[in-house]
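As structure tokens, the structure follows; a few thoughts come after it.
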Amino acid sequence: MLCYEDDTRVKARGSTFSEASRLATVGTSPVVKRIQALGLRVSVPKTEALLFHGPREVHYEALAIGGLSVISCSNGFMYGQVAGVIDALQKKDEGIDLSEGQISLIASSLTITCLIGFGLAAYATDKIGRRWPFIIFSTTTVLNWIILYHSYEMYQFMLSRVIGGISVGGLVSLTIFVPSEYTPPVTRAFYLNMVTTVAPAIGTTLGHSLGIILHWRIVALIGIIPAALGIILPYFWVESPHWLASKGRFDECETAFRLLHGEKLNSEKELGMIIKMETSKLKTANETNSQATLKRLLLAFKKKYFWGLILLSVFIHAYFAAAGKLIFSTLATVILKEITGTSDVLLYTLLVDGFIIIGSCLSCVLIRKTSMRALLFSTGFIANAILVVFSACFYFQNGESYFNWINVTLLAFYFITINAGPYPLLEAIFSEMFPLELKVYTFTLSGVILIGSLTLTIVLLPVMVSSIGYHGLFLLNAGIMSVSLGFIWLKLPETKGRTLQEIEMYLKTNNFDIDEVITKEQSKALI
């Protein structure tokens, strides 16, 4: 049921657009039609509520963030479940006899094949938008779980890992970049943290815990549930207004943006920025004959700002690799068994994973109270100090059981600190720092570095542990993380409360003022 109001009365309030035509557009939108097809009523609020308060009966923003969180939880579950599979294969469960080399390949292949997913996601989301790539990659995730459940031979395990790696690679890159396009500047960091840190932490914890309690084939079946939701939920989203604007579809952009954010003053101002900046970029692209994505990439390669972003991403990737997020997510059970010297690690795993979730939730509170730079560097250097203390305690341990709890508790406090600041904030920065029309492609390029470093850490982990021990490994990681934070300190501006367009403008021209740059005819710098 749509609520109409006389167009003359709307104009009398100073509206700059026809309310009647806007309501007609909303009433016939694809999203509304999909919801109505399920037999649900969609009511568009009255004009004065839309213009001055912006409530919406269908909360499209919440629907998108909820769907993205479920998909991120599914990604975390896939990484967390690996530890249970590896542990079972090492014990030759069900008579499956694989060599250590084959098991190591199964463990690392999920990460290696993510790079293919990055590239496929970049192409798909550039061509068909944000919604359908989520549906496609979630479908292949379900296929991965089905194949894994029926796996007995090496080629079957590898097939599931290849399909799973491509799927999770595509979904990880999308869940990093897409949330920022569905959230306003004031809450963007908060929601990004929920999607990129809290949700995957919960998924990883479930994967670890269920992998210890249940047989790994049952865990594979459970993994189908969030993956299936990842197929269903994106179908009901509106398309990203930023993507629509980058393609010159400004009418659709306006409709989608207002469905997501209402018509509050700040929202209308942001919408104006999006349209103004993307119009200028498209005009410049036409003048320079660089409408094609490949030509835009080639032009970007000649820009100083582009290589500055790539260098910044190298240090961010180095931090992620050294911080051990992926290693612990993938091999938590194996690592804790070696640290504690016991095979009964359920309580240890729950402690560390529980603190990871606590840290992720804590960051949701802290990120609303302070600036991104202050939170990033305070928690980052505290985490490094904890890691150094943990390294010393592990080196001087005397074999007593209480030392196991000291070491695991220090590890837990390390993860609560790093998940309260560096992990979510650096992923939020990744979501913000690349140009809109090229960011998924640029992430694919920088992803070569990321996947290379993460894969190297998994493959070299046994070699490094045998040569320098866990204490030496963690000390080395603390050094790499400190250097990386130092570089990020020098190069990173404060982005909290800034629109994506303002951040892009600053990183390209060292100026947050979009109007000033465009007025001075510096629009070629935007390409």
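Numbers here are sequence positions counted from 1. Computation of the quantities below employed the complete heavy-atom set of this structure, encompassing side-chain atoms and omitting hydrogens, waters and symmetry-equivalent molecules.
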Please name the pair of heavy atoms, one in Arg217 and one in Tyr152, separated by the smallest distance, quoted to 0.1 Å.
NH2-CE2, 3.0 Å
If I take atom CD1 from residue Ile224 and atom OG from residue Ser138, how far apart are they, to the nearest 0.5 angstrom?
13.0 Å
Applying side-chain contact (heavy atoms from CB on, under 4.5 Å), name anything that partners Ser74, two or more places apart in sequence or on another chain.
Thr141, Pro226, Ala227
Side chain to side chain donor-acceptor pair (under 3.5 Å) partners for Asn384, two or more places apart
Ser482
Testing the basics here: between Arg373 and Pro493, what is the closest heavy-atom pair and its distance to 0.1 Å?
CD-C, 4.2 Å
Partner set under side chain to side chain donor-acceptor pair (under 3.5 Å) for Trp216, not counting sequence neighbours:
Asp93
Ring pair (Phe, Tyr, Trp, His ring centres under 6.0 Å) partners of Phe413, counting only residues at least two apart:
Phe355
Tyr414 side chain vs Ala323 backbone, donor-acceptor pair below 3.5 Å
yes
Residue list, ring pair (Phe, Tyr, Trp, His ring centres under 6.0 Å) with Tyr191, at least two apart or on another chain:
none
With side chains defined as the heavy atoms from C-beta onward, is the minimum distance between Phe157 and Leu148 less than 4.5 Å?
yes
Do side-chain atoms of Thr175 reach the backbone of Val172 as a donor and acceptor pair under 3.5 angstrom?
yes
Can you find a pair of side-chain heavy atoms, one from Arg130 and one from Leu174, that are under 4.5 Å apart?
no
Val389: which residues meet the side-chain contact (heavy atoms from CB on, under 4.5 Å) condition with it, sequence neighbours left out?
Cys393, Leu410
Going by atom type alone, with no hydrogens or angles, which donor-acceptor pairs under 3.5 Å involve a side-chain atom of residues 62-73 and a protein atom two or more places apart or on another chain?
from: Ser69; atom 1: OG; to: Ile65; atom 2: O; distance (Å): 2.9
from: Ser72; atom 1: OG; to: Leu68; atom 2: O; distance (Å): 3.3
from: Ser72; atom 1: OG; to: Val195; atom 2: O; distance (Å): 2.7

Do Val82 and Arg161 pass the side-chain contact (heavy atoms from CB on, under 4.5 Å) test, and can you show the C-alpha distance, the side-chain angles, and the key distance before you say yes or no?
CA-CA 10 Å; Val82 172; Arg161 297 297 84 181; 3.5 Å; yes
For Ala478, the side-chain contact (heavy atoms from CB on, under 4.5 Å) test, sequence neighbours excluded, returns Leu387, Val388
Whether Thr125 side chain and Ala121 backbone form a donor-acceptor pair below 3.5 Å:
no
Just verifying a value: how many Å separate Arg131 CZ and Ile136 CD1, rounded to the nearest 0.5 Å?
11.0 Å
Working note: Met78 + Asn144, criterion side-chain contact (heavy atoms from CB on, under 4.5 Å); need CA distance, chi angles, decisive distance, verdict.
CA-CA 10 Å; Met78 185 177 292; Asn144 148 77; 3.3 Å; yes
Per side chain to side chain contact (heavy atoms under 4.5 Å, CB included), Met154 is matched among Ile103, Leu98, Leu159, Asp97 by Leu98
For atom NZ of Lys304, is the number of surrounding heavy atoms from other residues, nucleotides or ligands below 6.0 Å larger than 12?
no
Should Cys361 and Val365 count as side-chain neighbours, where that means a heavy-atom distance under 4.5 Å?
no
Compare all side-chain heavy atoms of Pro184 with those of Glu61 and state whether any distance is below 4.5 angstrom.
yes
Mind checking what makes side-chain contact (heavy atoms from CB on, under 4.5 Å) contact with Pro422, not counting sequence neighbours?
Tyr319, Leu376, Thr379, Ile418
Taking ring pair (Phe, Tyr, Trp, His ring centres under 6.0 Å) as the definition, give me every residue that meets it alongside Tyr149, ordered by chain and number, with sequence neighbours left out.
none
Evaluate the side-chain proximity of Tyr182 to Val238: yes if any heavy-atom separation is below 4.5 Å, no if none is.
yes
Nearest heavy-atom neighbours spanning Gly129 and Glu239:
CA-OE1, 3.6 Å
With the side chain counted from C-beta on, respond yes when Pro200 and Asn75 share a heavy-atom pair under 4.5 Å apart, and no when they do not.
no
Answer yes or no: is there an ion pair linking Arg498 with Glu432, defined by an N-O contact shorter than 4.0 Å?
no
For Thr140 and Ile166: C-alpha separation, side-chain torsions, deciding distance, then whether side-chain contact (heavy atoms from CB on, under 4.5 Å) applies.
CA-CA 8 Å; Thr140 55; Ile166 293 172; 6.0 Å; no
Looking at every heavy atom in both Leu485 and Phe377, which two are closest together, and how far apart are they?
O-CE2, 3.3 Å
Among all residues two or more places apart in sequence or in another chain, which pass the side chain to side chain donor-acceptor pair (under 3.5 Å) test with Ser246?
none
Distance in Å, Leu89 CG paired with Ser99 OG, rounded so as to fall on 0.5 Å steps
10.5 Å
Could you walk me through whether Phe390 and Phe474 pass the ring-ring contact (aromatic ring centres under 6.0 Å, His included) check?
CA-CA 8 Å; Phe390 169 72; Phe474 291 130; 4.9 Å; yes
State, to 0.1 Å, how close Ala228 and Val142 come at their nearest heavy-atom pair, and which atoms those are.
N-CG2, 4.0 Å
Distance in Å, Leu115 CG paired with Leu120 CG, rounded so as to fall on 0.5 Å steps
10.0 Å
Could you check whether the rings of Phe487 and Phe315 sit parallel, tilted or perpendicular, using 30° and 60° as the cut-offs?
parallel
Say you draw a straight line from CG of Leu192 to OG of Ser180; how long is it, rounded to the nearest 0.5 Å?
6.0 Å
Rounded to the nearest 0.5 Å, what separates atom CG in Leu492 from atom CE in Met372?
7.0 Å
Can you name the residues that form a ring pair (Phe, Tyr, Trp, His ring centres under 6.0 Å) with Phe177, not counting sequence neighbours?
Phe443
Heavy-atom pair of closest approach, residues Gly421 and Leu375:
CA-CG, 4.3 Å
Would Leu214 and Ile222 count as a side-chain contact (heavy atoms from CB on, under 4.5 Å) if you check the C-alpha gap in whole Å, the side-chain angles of each, and the deciding distance to 0.1 Å?
CA-CA 11 Å; Leu214 303 174; Ile222 294 173; 3.9 Å; yes
Any side-chain heavy atom of Leu210 sitting closer than 4.5 Å to one from Phe77?
yes
Validation row: Asp87, Lys91 side chains within 4.5 angstrom (heavy atoms)
yes
